[in-house]
Amino acid sequence: MSVKLPFLYFKGKSSLDFNLIIKSKGSYNAPARDVTITSVPGRNGDLIQDNGRYLNVTIPYDLCLVKRDARGFDELVSEVKNWLLSDSRYAQLWDSYDVRYFRYGAYSGGVDIKEELRNYGECSISFNCKPYRYSFEGQTAVEIPSGGATLENAEMLAAKPYIKIYGSGNISLHINSDTFTFENVSDYIEIDSETMNAYKGQSLQNNVMSGDGFPILSPGTNAISFTGSVTKAEIVPRWCTL
C-alpha cells in the first residue's frame, strides 16, 4: 500500500518535487479585520472605524527534507531555495490537508535547512498570504445564457467574480437588485470585480460602465439577467471563505 506524504503546492510545483515533506502545519490562522481605533479624551469607549477589508495572514509550515533519490542533499537544498525565492509575487498556495481551497501566498523570507541527520534536514517557513481562501470549484467558468440563470454561492462571504459578456450596443447586467450598464459594447466586455476594472482585452473600458461599484455574488442564490443585445456571458465566480 502506497503512503501518501503530506505536501504543499506553490508556484505550480509540489514540495514533493524537492523531497520536501510537511512535518507539521501551523494553526489554521484567520485574518484580522482592518479597523482604526481612536480614543477621544472625555469620551468613554473607543471609536471604531471599519476600513472594509481584511489584513494579510501568515501561514507557517514545519518541513523536513529527505534524500529519496539520486540528487545530493546540497543539490536538493539549492533547488528548494530557487523554488521559493525565484520571485516575490503572489502565487497559488495549497496543501494536501485541504485540497478544496487555495490561497494567494508570497514568500520572501530566508531558507535555512538544517541537516539534523545524514540526508535528513528540517526547516520552518512562513508565507505572507492574502486573507481569503478560494475554492477550486469557483475557478471554473460558468456559462450564462442570454435568458439569464441563477448561481448559488454556498460560502458565507460575497464573491468578486470575473465576468465576460458577449453582445453589442447598450446592454445591462442585473444581479439580484443591482444593475450595471455598459454603453456601445462591441463583441464583448470583461468585468473583474477584484481589480475593479472593466476592459476588453488590453483596453480599459471603465468609462463605458455605470452602476454602484462592481458586481458581487452574495451568499445564497444570485439571480442573473440581461437587457439589450446579449448572446451569453461567462462568469468565473471565485467562491471564497476565510
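The residues of the chain are indexed from 1 along the displayed sequence.
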Any side-chain donor paired with an acceptor under 3.5 Å for [X] and [Y]?
X	Y	value
Asn153	Asn222	no
Thr221	Thr150	no
Asn56	Asn128	yes
Asn51	Gln49	yes

Which residues satisfy the side-chain hydrogen bond (donor to acceptor under 3.5 Å, both in side chains) test with [X], sequence neighbours excluded?
X	answer
Lys11	Ser86
Ser218	none
Tyr104	none

Got a donor-acceptor contact below 3.5 angstrom from the [X] side chain to the [Y] backbone?
X	Y	result
Ser24	Asp62	no
Lys67	Asp69	yes
Ser15	Leu8	yes
Asp17	Ser14	yes
Glu190	Gly201	yes
Ser193	Pro215	yes

Which pair of non-hydrogen atoms, one from [X] and one from [Y], has the smallest distance, and what is that distance?
X	Y	answer
Ala198	Met209	CB-SD, 3.9 Å
Cys123	Asp112	CB-O, 3.4 Å
Cys129	Gly105	SG-CA, 3.8 Å
Ala159	Pro237	CB-O, 3.2 Å
Lys81	Val111	CE-O, 3.7 Å
Ala233	Phe226	CB-CZ, 3.5 Å

Nearest-0.5 Å distance that lies between atom [atom1] in [X] and atom [atom2] in [Y]:
X	Y	atom1	atom2	value
Leu63	Leu20	CG	CG	4.5 Å
Trp239	Thr140	CH2	OG1	11.5 Å
Asn206	Leu204	CG	CG	5.5 Å
Asp178	Leu173	CG	CG	9.5 Å
Ile235	Ile144	CD1	CD1	4.5 Å
Leu84	Lys13	CG	NZ	12.0 Å

Pairwise side-chain contact, [X] with [Y], heavy-atom cut-off 4.5 Å (strictly under):
X	Y	value
Glu122	Cys64	yes
Ile216	Ile175	no
Tyr9	Phe102	no
Asn184	Asn170	yes
Leu76	Asp74	no
Leu93	Tyr107	no
Ile189	Val208	yes
Met196	Lys160	no

Would Glu194 and Tyr132 count as a side-chain contact (heavy atoms from CB on, under 4.5 Å) if you check the C-alpha gap in whole Å, the side-chain angles of each, and the deciding distance to 0.1 Å? CA-CA 12 Å; Glu194 282 195 344; Tyr132 293 141; 5.8 Å; no

Using the side chain to side chain donor-acceptor pair (under 3.5 Å) rule, take Thr181 and Glu183 through it: C-alpha gap first, then chi angles, then the decisive distance, then the call. CA-CA 7 Å; Thr181 300; Glu183 298 178 353; over 6 Å; no

Is a salt bridge present between Lys232 and Glu234, judged by a nitrogen-to-oxygen distance below 4.0 Å?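 Salt bridge between Lys232 and Glu234, a charged N being under 4.0 Å from a carboxylate O: yes.
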
Are [X] and [Y] joined in one hydrophobic group, where the rule is that I, L, V, M, F, W and Y side chains link up if heavy atoms are under 4.5 Å apart?
X	Y	answer
Leu55	Ile59	no
Val66	Leu5	yes
Val142	Tyr134	no
Met156	Phe136	no

Asp192 vs Arg238, test: salt bridge (Lys or Arg N to Asp or Glu O under 4.0 Å). Steps then yes/no. CA-CA 11 Å; Asp192 190 328; Arg238 296 171 172 161; 2.8 Å; yes

Which is it for Tyr61 and Phe127 under the side-chain contact (heavy atoms from CB on, under 4.5 Å) test, yes or no, and what are the steps along the way? CA-CA 8 Å; Tyr61 291 94; Phe127 293 90; 3.9 Å; yes

Is the CD atom of Glu137 crowded by more than 12 outside heavy atoms at less than 6.0 Å?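 At most 12 heavy atoms, drawn from other residues, nucleotides or ligands, come within 6.0 Å of this atom.
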
Is atom CZ of Arg33 surrounded by more than 12 heavy atoms (other residues, nucleotides or ligands) closer than 6.0 Å? yes

Looking at Tyr90, is Lys130 sitting on its ring face, NZ or CZ under 6.0 Å from the six-membered ring centre and within 45 degrees of the normal? yes

Hydrophobic cluster of Ile37, others only, ordered by chain and residue number, side-chain cut-off 4.5 Å: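 Joined to Ile37, directly or through intermediates: Val35, Ile48.
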
Ring centroid separation for Phe10 and Trp94, is it under 6.0 angstrom? no

Aromatic contact between Phe18 and Trp83, with the criterion being ring centroids under 6.0 Å apart: yes or no?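 Ring-ring flag for Phe18/Trp83: true, centres closer than 6.0 Å.
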
For residues 157-208, which residue pairs pass the ring pair (Phe, Tyr, Trp, His ring centres under 6.0 Å) check, not counting sequence neighbours?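 Pairs touching residues 157-208 that pass the test: none.
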
By side chain to side chain contact (heavy atoms under 4.5 Å, CB included) - contacts of Ser126 (at least two apart): Thr58, Pro60

Using the rule given for side-chain contact (heavy atoms from CB on, under 4.5 Å), can you reason through Tyr54 versus Leu242, listing the C-alpha separation, both sets of side-chain angles and the distance that settles it, and then say yes or no? CA-CA 10 Å; Tyr54 294 96; Leu242 295 178; 3.9 Å; yes

Step-by-step side-chain contact (heavy atoms from CB on, under 4.5 Å) determination, Thr231 to Ile165: CA-CA 8 Å; Thr231 56; Ile165 304 173; over 6 Å; no

